[in-house]
Structures are given as structure tokens and as C-alpha cells.
A.B. asks: 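There's a structure below that I have some questions on.
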Amino acid sequence: MSTFEYPEVGTYKLPKKNVLVISCIDLRLTDNLLNFLHFDNLTNRYDHFALAGTSLCTTIETNRKHFIPKMLSDNGNFEHWRKTLFDHLELARTLHDIRDVYIVEHADCGAYKAFLTEKKLKEDEKKCHKEFAVSLAKEIHEKEYTAFKEGEEDAYYNINVHCFFIDLRGNVSYLESLHKADRPIKKKEIS
Ligand SMILES: [Zn+2]
């Protein structure tokens, strides 16, 4: 039986709490994604949000020039995709104390082919996915989230975000992390 290639141990800090996983809907890689999450000791420790193109359509406002114009005209407003994702992040955080997000992009993504210009698609595939994944990762990470737990009502923290790319054989490569301390809860400034 073959084994999959995954990022080396120590490449990023493994989550100590629960995780929200953001992936594409692609049916070819469902089992491969689960294998990777099990490898990272996340079995039954993650909420899963799937949308076509993973990060792609949540970042349109900051990356419009890379999208085929006709995909953005008429009914091409994808703001509700982004809003739905962030609503679910907030819900997952409330229910399960999410402190890390995994953004798992993948090779040969149909949504990328449908939405992006020829020029953009000619770029290195992994580099292209990294650009959109990091764009979403920044938006998630740079926000300050209020803690819910008793005694932490007046504290806030940042969510760690780890970006990956999975190929059609199920191998996973690391793209980037936006990570502060393990538990960077800070007291709010008294105004
Ligand atoms: Zn896809």
C-alpha cells in the first residue's frame, strides 16, 4: 500500500484545539482530505465548510482583475459566498471554540478554470492557489475575535490559519501559515 506525502513535522504548529476546515466541494479528494486530517490528529475535531474553489470566490473583491468579467456581471455577485463562510466561522467558533482554520486548496480545480482569466491560469498552479488562499487567510487571521469562555469575556484573540495544497494522488503540500502564539488571548485596552 502506498503512503501519502505530507508536510514535514514541525513545518507548522499543530492545532491544540478544534479546527474549521475550508475545502473545495471536489468529490475526487474527499477521502484524501480526511486521511490528511487524521494524520494531523484532527479526527472528530473539526467543522468542515466546503465551497467550490475553496478560497477563490471569497476573495473576489480584492482580486477582481484575475476573474473573467462575465463571471462577475449580472448574477455574478459572490459576496454572499464570503458572508456565508464568515457566518459559519463565527458559528463554529461559538459552538466549538475554534482556534485554527485549515484552508485546503487542490489541483485541477474546476472552479479556478471556470472563473479565472487565461492569463492567470497560465501561472504556476500551486502559486496561484497560494495567492487566493493567503488572501482569505489574512482576512480570517487579522480579525480580532472576542473570547466566549467564562472569565475571558473581555479578552480577544486571533485565529491561526494554515494553507495547504492537495494533488490528485492525495499528497499534501504546505503553502503558508498565519500564526501567533498558541493561545494569544489579550486583555482589551481599557478606554
Ligand atoms: Zn475544486
Side-chain angles (χ1 to χ4, degrees), residues 2 4-7 11-12 15 19-40 42-43 46-89 91-92 98 100-141 159 161-178:
S2 64
F4 298 110
E5 289 176 18
Y6 292 146
T11 305
Y12 54 96
V19 170
L20 173 68
V21 176
I22 301 169
S23 77
C24 185
I25 58 172
D26 197 295
L27 46 78
R28 295 168 293 177
L29 295 165
T30 307
D31 57 338
N32 302 110
L33 174 60
L34 295 188
N35 277 340
F36 171 56
L37 296 172
H38 293 173
F39 178 78
D40 263 8
L42 293 175
T43 305
Y46 61 89
D47 289 320
H48 189 180
F49 189 90
L51 71 175
T54 318
S55 63
L56 184 69
C57 291
T58 67
T59 69
I60 285 176
E61 281 315 307
T62 46
N63 296 297
R64 287 187 87 84
K65 64 181 180 202
H66 300 310
F67 286 77
I68 299 169
K70 76 173 167 66
M71 300 302 288
L72 302 183
S73 60
D74 300 327
N75 295 320
N77 178 357
F78 286 85
E79 176 55 25
H80 52 292
W81 286 39
R82 200 181 136 289
K83 185 171 183 333
T84 304
L85 167 64
F86 277 89
D87 285 350
H88 280 76
L89 171 61
L91 187 66
I98 299 294
D100 290 73
V101 167
Y102 275 30
I103 298 174
V104 186
E105 300 278 331
H106 76 92
D108 195 42
C109 183
Y112 272 66
K113 290 178 193 168
F115 284 101
L116 293 180
T117 61
E118 283 292 320
K119 187 179 172 210
K120 192 66 183 164
L121 289 172
K122 278 183 185 158
E123 285 184 7
D124 176 76
E125 186 181 25
K126 201 188 288 186
K127 189 167 163 268
C128 181
H129 280 267
K130 181 175 176 177
E131 182 180 331
F132 292 103
V134 170
S135 184
L136 174 61
K138 278 184 181 162
E139 191 175 351
I140 293 171
H141 179 69
I159 288 178
V161 190
H162 309 283
C163 305
F164 305 94
F165 180 84
I166 186 163
D167 73 17
L168 292 183
R169 281 186 164 153
N171 300 309
V172 177
S173 51
Y174 172 75
L175 298 177
E176 188 157 323
S177 289
L178 297 174

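Whatever order the structure lists them in is the order used to number ligands and atoms, beginning at 1. These numbers come from the heavy atoms of this one structure, side chains and all, not from hydrogens, waters or symmetry mates.
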A.B. asks: Under a 4.0 Å threshold between the charged nitrogen and the carboxylate oxygen, would Arg169 count as salt-bridged to Asp167?
C.D. replies: no
A.B. asks: Can you list the residues that meet the ring pair (Phe, Tyr, Trp, His ring centres under 6.0 Å) rule with Tyr46, with sequence neighbours excluded?
C.D. replies: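 Tyr46 satisfies ring pair (Phe, Tyr, Trp, His ring centres under 6.0 Å) with no other residue.
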A.B. asks: Take the Zn ion (ligand 1) as the centre and count protein N, O or S atoms at distances under 2.8 Å.
C.D. replies: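 N, O or S atoms of the protein closer than 2.8 Å: 3.
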A.B. asks: Any chance the rings of Tyr12 and Phe164 have centres within less than 6.0 Å?
C.D. replies: yes
A.B. asks: Examine Phe78 together with Phe115 and report whether their ring centres are nearer than 6.0 Å.
C.D. replies: yes
A.B. asks: Between Phe4 and Phe39, does the ring centroid distance fall short of 6.0 Å?
C.D. replies: no
A.B. asks: Should Arg82 and Glu139 count as an ion pair when the cut-off is N to O under 4.0 Å?
C.D. replies: yes
